[in-house]
Amino acid sequence: MGFQEARRERGAYQVQVKARTQIGPHVVRVTAQGESLGELPQRGFDHWFRLFLPADGEDAALEHVPDRFTTGPYLKFVASGAAKRLTVRNYTIRHHRPADGEIDIDFAVHSGGVASQWAQNARSGDRFALLDQGCGFDLPDDAGSLLLAGDETAQSAILGILRDLPAEAGGLAVIEVPSQEDAQSEVTASDVELRHVFRKAGEAPGAAALEQVRAWQFDRPAATSAYLAGERNLVAQARRHLADAGVPKPNITFMSYWHSP
Ligand SMILES: Cc1cc2nc3c(=O)[nH]c(=O)nc-3n(C[C@H](O)[C@H](O)[C@H](O)COP(=O)(O)OP(=O)(O)OC[C@H]3O[C@@H](n4cnc5c(N)ncnc54)[C@H](O)[C@@H]3O)c2cc1C
């Protein structure tokens, strides 16, 4: 498996904020609404997208969001000047309601981030745009021994995967969050255990999740598949541990979402 750059089936989705909800002390949910969202394919799992946020008074720049994030369209986007007026970040769909033309996006709140700040201040009617990037997770043929691990930024991805796993899937899903109130549950048909761990004061982000990954007892390392997402060190060290423990590298899907300074 590998973290794939997914296909585009339609260009940018122009949307607006319907609601902002504080889900936990460190998580803000923005509900986006737009007629075009009725056409967004419901891919499930860790379906993610590029998010284009205009600076104050720069809504007109949204018309220049590229159809694809490949070199040619991206260079055109930069040349239009819109790249200077829009912030581009990556986020995951937490819930998708095609019939209502709505998605929920859960933002991990932290200091100094443009997207994090935007989410905290989002008001009904604020405009933004999305570009569909598809899924990173590929359901393995043998899903009986899965290890999913990440931090709060990967909570939507891991819960989405859990929600969509078949009954024969088994294993462990570990999500590290800053506090107990940030933890969310999910219904799953699978036998995968969902385990939240909580960051202690002063502890590096990802350390608690990494501890769980290292403690996991493999029955069948060669038949295990893993999905790792979140802070860079967590992802890198968990991947190294799993590879050393005998999990074949092609079975490890990983993506560094952000880097702790
Ligand atoms: C495929 C994919 C899907 C993602 N899905 C989600 C999602 O659903 N929800 C979500 O919250 N994030 C998600 N992320 C992570 C998110 O894109 C990054 O955290 C992003 O940097 C946040 O942008 P920002 O503008 O708030 O901060 P930036 O302007 O990018 O960064 C500002 C500073 O904050 C630091 N920083 C960034 N993120 C965090 C954080 N979470 N905690 C502490 N410090 C941080 C940076 O290192 C930098 O020093 C995803 C990333 C990828 C690649």
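All residue numbers refer to positions in the sequence shown, counting from 1. Counting convention: from 1, in listed order, for ligands and their atoms alike.
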For atom 36 (N) of ligand 1, which of His110, Gln117, Arg89 has the closest heavy atom?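 Selected option, by shortest heavy-atom distance: His110.
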Minimum distance, heavy atoms only, to atom 41 (N) of ligand 1: which one of Val109, Ile93, Leu53, Thr153 is it?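 It is Thr153 that holds the nearest heavy atom.
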Atoms in ligand 1 with a heavy atom of [X] nearer than 4.0 Å:
| X | result |
| --- | --- |
| Phe107 | 11 (O) |
| Val114 | 24 (P), 25 (O), 26 (O), 29 (O) |
| Ser116 | 26 (O) |
| Gly112 | 32 (C) |
| Ala115 | 23 (O), 24 (P), 25 (O), 26 (O) |
| Tyr91 | 4 (C), 5 (N), 6 (C), 7 (C), 8 (O), 9 (N), 10 (C), 11 (O), 12 (N), 13 (C), 22 (C), 23 (O) |

Pairs of nitrogen or oxygen atoms closer than 3.5 Å, one from [X] and one from ligand 1: do any exist?
| X | answer |
| --- | --- |
| Ala108 | yes |
| Thr92 | yes |
| Met255 | no |
| Ser260 | no |
| Asn90 | yes |

With respect to Ile103, which candidate in Thr31, Leu130, Val15 satisfies the side-chain contact (heavy atoms from CB on, under 4.5 Å) definition?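 Only match with Ile103 under side-chain contact (heavy atoms from CB on, under 4.5 Å): Leu130.
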In this structure, is the centre-to-centre distance between the rings of Phe52 and Phe77 below 6.0 Å?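 Phe77 vs Phe52: aromatic centres under 6.0 Å.
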Looking only at non-hydrogen atoms, find the nearest pair between [X] and [Y] and report the distance.
| X | Y | answer |
| --- | --- | --- |
| Leu40 | His96 | O-CE1, 3.2 Å |
| Ala154 | Gly230 | CB-N, 4.5 Å |
| Val28 | Arg20 | CG1-CG, 3.6 Å |
| Ala122 | Val17 | CB-CG2, 4.2 Å |

Please work out, at 4.0 Å between heavy atoms, whether the side chain, the backbone, both, or neither of Trp258 comes within that distance of ligand 1.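 Side chain only.
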May I ask you to identify, for Asp106, whether its side chain, its backbone, both or neither come under 4.0 Å of ligand 1 on a heavy-atom basis?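 It is the backbone that touches ligand 1; the side chain stays farther off.
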From His196, Glu186, Glu176, residue fulfilling side chain to side chain donor-acceptor pair (under 3.5 Å) relative to Gln155: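 Among His196, Glu186, Glu176, the one that satisfies the side chain to side chain donor-acceptor pair (under 3.5 Å) with Gln155 is His196.
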If you measure only the distance, is there a donor-acceptor pair under 3.5 Å linking the side chains of Asp151 and Trp258?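 Trp258 and Asp151 do have a side-chain donor-acceptor pair below 3.5 Å.
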Is any side-chain heavy atom of Leu234 less than 4.5 Å from a side-chain heavy atom of Tyr257?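 Not touching, per the 4.5 Å side-chain cut-off.
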So if I apply the ring-ring contact (aromatic ring centres under 6.0 Å, His included) rule between Tyr91 and each of Phe107, Trp118, Trp48, which one comes out positive?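 With Tyr91 as partner, Phe107, Trp118, Trp48 yield a single ring-ring contact (aromatic ring centres under 6.0 Å, His included), made by Phe107.
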